[in-house]
Every structure is written in C-alpha cells, then in structure tokens.
Protein chains: 2
Amino acid sequence: MNKRATQADVAREAGLSVTTVSLVLNGRENTRISEEAAARVREAAERLNYSPDPTARSLRTGKTRSLAFISDDVTVTRYASAMIRGALDAAEERGYTILMAEVGEHPERLEKVVDSMLERRVDGLLFGLMSARRVDLPALPRGKRALLVNGTSAGLPSILPAEHDAGQAAVRRLLEAGHRRIAFIGRSPRVYDPYLSATIPQRYAGIDAALAAAGLRFADEVEGHEWEPELGYRGTRRLLERAASFTAILAANDRVAFGAYQALQEGGLRVPDDVAVMSFDDEQLATYLHPALTTMRLPYREMGSLGVRMLLEGEEPVPDAATLVPMPLVERESVGPPREG
Amino acid sequence: MNKRATQADVAREAGLSVTTVSLVLNGRENTRISEEAAARVREAAERLNYSPDPTARSLRTGKTRSLAFISDDVTVTRYASAMIRGALDAAEERGYTILMAEVGEHPERLEKVVDSMLERRVDGLLFGLMSARRVDLPALPRGKRALLVNGTSAGLPSILPAEHDAGQAAVRRLLEAGHRRIAFIGRSPRVYDPYLSATIPQRYAGIDAALAAAGLRFADEVEGHEWEPELGYRGTRRLLERAASFTAILAANDRVAFGAYQALQEGGLRVPDDVAVMSFDDEQLATYLHPALTTMRLPYREMGSLGVRMLLEGEEPVPDAATLVPMPLVERESVGPPREG
DNA sequence: TTGTACGCGTTATCAC
DNA sequence: GTGATAACGCGTACAA
C-alpha cells in the first residue's frame with residue numbers, strides 16, 4: 001500500500017511511452033496501436049494495479065464525472081429519501097459520483113451550496129424536492145445541465161409524478177369494486193399556489209374527471225390542507241355524522257387514510273367490507289395498517305434515477321418541460337376485489 | 001460567465017506574482033507579505049470573482065476535502081436517512097463535501113464502491129448502517145480514516161446509540177409513573193448475534209438492570225424478533241388473555257407499540273389510563289398515534305454529524321472503540337405523569 | 001505506430 | 001517581501 005502507481009510507472013513497466021499507455025487505457029480506436037503494445041500496457045497496468053487519478057484527469061479534461069444532488073428536506077422526511085437511492089444507483093451504473101447537499105428550509109443556503117457545487121465543477125445538478133412544488137433557484141452558468149426531481153423551476157426541465165393519471169386510476173379502482181357513493185377527504189383550494197404544490201391540482205383533476213366520466217359526483221367531501229392523520233380522523237367522524245351515506249373513502253394521502261382507519265374502527269366499521277379506503281403516496285405506514293392500505297405509489301426512486309439518466313444521456317433537455325413518471329397502483333387489502341361486468 | 005478566473009489572472013490584475021496571490025489567499029502568516037500587497041491581491045480577487053479550483057488544488061495537495069458516505073439501505077428505510085442529513089450538515093460547516101453511495105443488501109458491491117471512493121481520493125470514509133449491527137468491510141489502506149455510524153466492524157471505531165442507558169431510562173419512566181406490573185413485548189435470543197444486532201443486548205441489559213434495581217421483574221413477556229405491528233398486536237392480545245395483570249407495556253420499538261395500541265383499543269382499554277405504553281426509536285409513526293407515543297429516540301442525525309466530526313477533528317480515533325450517543329426520552333402522551341414521592 | 005513535450009491551476013521550494 | 005519555477009498525473013498536438 002505505498003504510493004499509487006501512475007501512468008508513467010505503467011509506461012516504464014511496459015517499456016512504452018505514456019502516450020501509448022493513455023491511448024490504450026482510454027480505448028482510443030482511431031489511432032491504431034499495435035495489438036502487442038496494447039497487451040503489454042494492459043498487463044503492466046494490471047500488475048501495478050493501476051487506476052487513473054480522477055483528480056488529474058479532471059484537471060486536464062474539465063469533466064469530473066460527478067453530479068450534485070441538492071435537496072430541501074428529502075433526507076429527513078419520511079420516504080422521499082428513496083429519491084436519493086434512485087439517483088445514486090443510476091449514477092453508479094454510469095461511473096458517476098453524487099455529491100450531496102441539503103439546505104432544509106433555508107433558501108439563502110441554496111445559493112452558497114450551488115456555488116460550492118459549481119466550484120467543485122460538477123457536470124450537472126439535480127434538485128430534489130421533498131414535496132412537488134415550484135421553487136426559485138439561483139441562476140446557473142449557461143450550458144450547465146440541471147433539472148428538478150419532484151418540482152419545477154423557471155427555465156429548467158423537471159420530473160414529476162403523473163398525478164392526473166393516478167387520480168383517475170384511484171377512482172376507477174373504486175368504481176370497479178362497485179362503489180358508487182364515495183367520500184373524499186382532503187380537497188383544498190390552497191394547493192393551487194404552485195409554490196405550495198405543483199401536482200395536486202392534477203391529482204384533483206384526474207379524480208374529478210374519472211368520477212364525471214362515470215356520471216358521478218362525490219357523495220360527500222371534507223376539506224383540509226393539512227394532510228395528517230388528524231384530518232382523516234376528524235374528517236371521517238364528520239362524514240359519519242352527516243346524513244349522506246357512502247361505501248368508500250378516497251383519502252388525499254396515506255396519513256389521512258390512517259386517521260380515517262382510526263375513526264372507522266372506533267365507529268365499529270370494517271375495512272373494506274363496510275367502507276373501502278383508497279389513498280395516495282404509499283408510505284411505509286400503508287403496510288402497518290390492518291387491513292393494509294391500497295394506494296397510488298409516489299415513484300420517488302424512479303424519479304431519482306430518471307433524473308440522472310436525463311442529465312447524463314440523450315439530447316439537451318427542454319427547458320420547462322415536465323417528464324411524468326407513472327404512479328403505480330399498489331394493490332393491498334383496503335378495497336374489495338374488482339367486480340366482473 | 002466566461003471562463004473562470006485563475007490565480008494567474010488575479011496575479012496579473014494585481015500586478016503581482018502567483019506566489020504572492022497564493023500566499024495571501026491561503027492566509028499564510030509566517031511569510032510576511034506587506035499589508036499593501038495583500039490588499040491589492042484581495043481586491044483583484046474580488047474584482048475577478050476568483051475562487052480557487054479545487055481540482056487543481058487537490059492534485060497538488062493530495063487532499064480532496066471530501067468524505068465518502070457509504071450505507072447499506074439507509075436512504076430507503078424509514079427515518080434512518082436522517083443520519084445522512086447529520087453528516088451533510090457537519091461536512092458543509094467544515095467546507096467538506098460528501099460523496100454518497102449505497103449498496104443495499106449486496107456485500108459484493110461494497111468492495112467496488114469502496115474502491116471507487118478510494119480512487120476518488122476521499123479524505124475519509126463513513127459507513128452508515130440502517131440498523132446497528134456488525135459488518136465485515138473490505139480492507140482499507142493504512143492511514144485512511146474510516147468509521148462506522150450505527151454499526152461496528154473489526155478494527156474501526158464506531159458510533160452507536162447509548163442503548164443501555166435508554167433501556168434504563170425507559171423503565172425508570174414507567175416506574176416513576178407508578179407502574180409496578182409491566183409487560184414486555186419483543187425479547188428475542190436472536191439478537192445476541194452481533195451480525196444481527198450490535199446494540200439490542202444492551203437495550204435488554206439496561207431494561208433488566210433498572211427493573212432489578214427496583215426489585216421487580218416483568219409481570220409478563222412476549223418473545224419475538226420481527227418487530228412489526230403484527231407482533232405488538234398479537235402479543236398484546238396474548239397478554240390480555242393470560243392471567244397476569246399489568247398496567248404498562250414496554251414495547252421493543254414503535255411499530256410493536258403501534259400494534260399494541262390496536263389490540264388495546266379493540267379490547268376497550270385506554271392509553272395511558274388503563275395501560276401505559278412506552279417504546280423505543282421515535283419513528284414518525286409515534287406522532288400519528290392517539291395518544292401520541294412516548295418513546296426513546298434513536299439519534300440518527302446526531303450520530304451522522306458526530307461521524308464526520310470525529311473523522312475530521314481530534315486525534316486519531318481509537319480502533320474498535322465505540323462512542324455512545326445518548327437516546328433522549330421523547331415525552332408524549334402514552335405514559336401518565338410522573339408521581340411525586 | 002510510437003514518443004516528446006506542453007498545459008490544466010495549484011502549492012511549495014528556493015532564489016533574489 | 002516577493003518572484004521564478006518545479007512538481008502533482010493526465011491527455012493530446014505534434015514530431016519522429
């Protein structure tokens with residue numbers, strides 16, 4: 001474990017020049033090196049256990065084979081951190097490294113962090129948001145590739161969950177199970193501010209479209225923008241007190257569904273036989289519940305991996321274009337089986 | 001936004017040599033530079049918006065001001081990802097960058113990833129584990145600093161949660177509330193394999209010690225190593241069916257406690273009035289419950305930040321030494337108030 | 001087909 | 001006090 005071998009060492013060992021070594025090891029085809037020389041180089045490299053110094057290479061080429069992943073509160077928030085895993089895996093496959101930074105709720109830190117990443121000469125920047133919304137980012141040098149994962153920002157391409165489809169699919173699943181009287185918990189006018197949410201309006205739109213297509217409206221609704229168990233609990237109690245009857249609850253997200261379960265259980269109602277519950281997100285939580293929750297999964301990991309793929313491959317991404325990633329239906333036990341016909 | 005300014009540009013702008021520029025900008029005190037020259041340099045640097053190229057600097061110094069954070073499944077598992085945040089924040093404060101990689105359940109990937117980090121010339125390596133256990137790591141070059149966060153490995157220093165203290169504190173909290181007949185869910189002989197858990201034996205030991213110190217034993221126990229809601233649910237039902245009465249449940253972790261809640265609720269028992277519940281971990285889940293769960297927090301974020309501090313500061317860490325990070329008691333509503341006297 | 005020599009932007013060693 | 005200049009390890013134009 002002495003000093004690491006350098007290209008010059010390999011050249012000496014192989015009895016050739018550094019040029020030859022460099023050419024061979026970088027697989028340059030156009031300049032025809034004799035097969036024999038190439039073999040000698042490879043053997044020597046092997047023997048000396050040579051691996052190129054990325055620092056020196058970067059200095060020379062201007063490329064670092066590294067990407068910045070900058071997030072707001074992804075690591076400390078529930079399951080959104082899977083986005084990181086997706087990015088990490090995709091980067092590793094391509095021989096890239098991810099430099100991570102997280103700024104929390106401090107937009108002023110963002111500028112510093114971006115600068116520091118730029119100083120480190122990253123080849124591209126990913127911005128990952130814990131919840132899909134619009135953000136204002138510091139200006140980036142022209143030609144530096146950047147995009148948002150689970151968010152949008154002026155002038156940058158973005159990757160978002162396909163919420164409109166998911167909204168439709170959720171409602172359709174309920175309809176297929178034969179439900180006609182469905183209650184909805186979690187509608188909120190506030191989400192129409194893009195800085196609060198970039199996607200929830202689509203989720204609503206998909207939901208309403210699917211319902212309308214079946215000639216239906218919600219049997220009842222509870223408003224609320226704090227999508228925590230409390231809303232689900234109180235919302236469900238209110239629903240139960242009201243006159244309108246319903247056979248299924250569509251919850252704005254899993255935590256709301258969680259609260260709904262509590263109220264249903266207290267009320268002596270069984271899921272899914274008395275009331276079916278369908279939801280969005282697919283947190284860990286969804287698997288803890290009895291019966292386990294059927295929900296539309298937010299594809300964090302896929303979005304993260306698509307993020308690095310888009311950054312690294314293919315043509316120049318289109319500014320302001322959004323790429324939608326499907327939200328799969330995760331079938332569990334809180335909605336009865338689809339009915340034939 | 002043309003090319004970035006270099007040291008030579010600054011030198012030219014200031015009418016001085018690169019040597020002087022380097023000396024001034026690196027704050028070398030010993031070699032006395034005139035105040036005037038220093039000022040000229042600083043102004044010129046400011047004007048050109050100069051910032052040193054870390055690549056070139058690394059090539060020269062052999063240091064990269066970067067740390068590797070390599071984990072198993074931290075990003076995709078519940079709340080352990082807060083460990084990353086802790087590491088990130090501590091690194092940023094010190095001007096270091098974190099290169100992340102995650103290998104999942106594939107030990108064979110570990111070697112490749114470590115190699116790739118070493119090739120990138122990181123100044124130190126952090127290994128972060130989703131759950132505290134012993135792992136076998138590939139050999140590291142002598143002199144390369146490395147340590148484990150939430151785990152142990154032969155020959156390396158490690159950072160672990162102070163489980164013995166936490167076990168004691170949990171029991172004491174219950175005792176203070178006046179409980180004498182306590183049931184425990186989640187004892188398992190399997191955890192004595194260090195490759196499965198490096199810390200749970202201490203948790204047990206602390207628990208048993210505090211109980212013994214009060215001259216008590218558990219009123220009843222349910223074994224189980226799968227610490228999921230199911231265990232808490234079925235365990236609690238079993239406890240309720242048995243003869244032994246109890247006024248409090250100590251659950252192995254929050255998910256088990258969650259299951260216990262469900263069974264208690266079904267049985268018409270109220271938390272904490274009929275049965276108090278105390279637990280370990282402090283997942284998000286703990287705040288969703290009604291009443292919210294009192295639990296001993298696993299200090300992921302603190303462990304992560306301590307990890308980089310130990311790597312970067314202080315003397316050579318002692319191999320095989322474990323540094324224990326306190327697990328705070330998070331007081332919520334599932335245990336009644338402490339009684340006087 | 002292969003080798004020499006230069007430059008990438010720093011820091012560090014030595015002169016002046 | 002300050003300034004040339006030689007590394008650091010690599011890629012490549014140009015020469016041979």
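Below, chains carry the letters A, B, ... as their sequence lines are ordered, and counting in each starts from 1.
Within 4.0 Å (heavy atoms only), B:Ala37 reaches sugar-phosphate atoms of the nucleic acid but no base atom.
Not counting sequence neighbours, the partners of B:Val325 by the side-chain contact (heavy atoms from CB on, under 4.5 Å) test are B:Ile159, B:Pro299, B:Glu302, B:Met303, B:Leu306. With sequence neighbours left out, A:Lys144 forms a side-chain contact (heavy atoms from CB on, under 4.5 Å) with A:Leu118, A:Leu125, A:Pro141. Residues passing the side-chain contact (heavy atoms from CB on, under 4.5 Å) test with A:Pro138 are A:Leu110, A:Glu111, A:Val114, sequence neighbours excluded. Evaluation of the side-chain contact (heavy atoms from CB on, under 4.5 Å) rule for B:Ala322 yields B:Ser158, B:Leu160, B:Leu324 as partners, not counting sequence neighbours.
Map B:Ala38 and A:Gln7 each onto its nearest nucleotide of DNA chain D; the residue landing nearer the 5' end is B:Ala38.
Checking side-chain atoms of B:Ser66 against main-chain N and O of B:Ile98 turns up no donor-acceptor pair under 3.5 Å.
To the nearest angstrom, P of D:dT12 lies 13 Å from CG of A:Leu25. One can place CG of A:Leu23 at 10 Å from C1' of C:dT1, the figure rounded to the nearest angstrom. In this structure, CG of A:Asp9 is placed 13 Å from C1' of D:dC8, rounded to the nearest angstrom.
Contact annotation: A:Thr6 does not reach the phosphate of D:dC8 (side-chain N/O to OP1 or OP2, under 4.0 Å). In terms of phosphate contacts, B:Ser34 brings a side-chain nitrogen or oxygen within less than 4.0 Å of OP1 or OP2 of D:dT2.
Sorted by first and then second residue, the salt bridge (Lys or Arg N to Asp or Glu O under 4.0 Å) pairs involving residues 119-130 of chain B (not counting sequence neighbours) are A:Asp53-B:Arg121. Sequence neighbours left out, not one pair with a member in residues 83-127 of chain A passes ring-ring contact (aromatic ring centres under 6.0 Å, His included). Listed by first and then second residue, the salt bridge (Lys or Arg N to Asp or Glu O under 4.0 Å) pairs that reach into residues 127-139 of chain A are A:Asp72-A:Arg133, sequence neighbours excluded.
Remark: the A:Thr20 side chain and the A:Ser17 side chain contain an N/O donor-acceptor pair separated by less than 3.5 Å.
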Please set out all donor-acceptor pairs under 3.5 angstrom arising from side-chain atoms of residues 38-45 of chain B, sequence neighbours excluded.
residue	atom	partner	partner atom	Å
B:Arg40	NE	B:Ala14	O	3.0
B:Arg40	NH1	B:Glu36	OE2	2.8
B:Arg40	NH2	B:Ala14	O	3.1

Side-chain donor-acceptor distances from residues 79-90 of chain A under 3.5 Å, at least two apart:
residue	atom	partner	partner atom	Å
A:Tyr79	OH	A:Asp281	OD2	3.0
A:Ser81	OG	B:Thr75	O	2.6
A:Arg85	NE	A:Asp89	OD2	3.4
A:Arg85	NH1	B:Asp73	OD1	2.9
A:Arg85	NH1	B:Glu102	OE1	2.6
A:Arg85	NH2	B:Asp73	OD1	3.2
A:Asp89	OD2	A:Arg301	NH2	3.3

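Of the residues in residues 11-21 of chain B, B:Thr19 come within less than 4.0 Å of DNA chain C through at least one heavy atom, sorted by number. Sorted by residue number, the members of residues 50-63 of chain B with any non-hydrogen atom under 4.0 Å from DNA chain D read B:Leu59, B:Arg60.
The rotation axes computed at either terminus of the helix from C:dT1-D:dA16 to C:dC16-D:dG1 lie 50° apart, taking five pairs at each end and rounding to 10 degrees.
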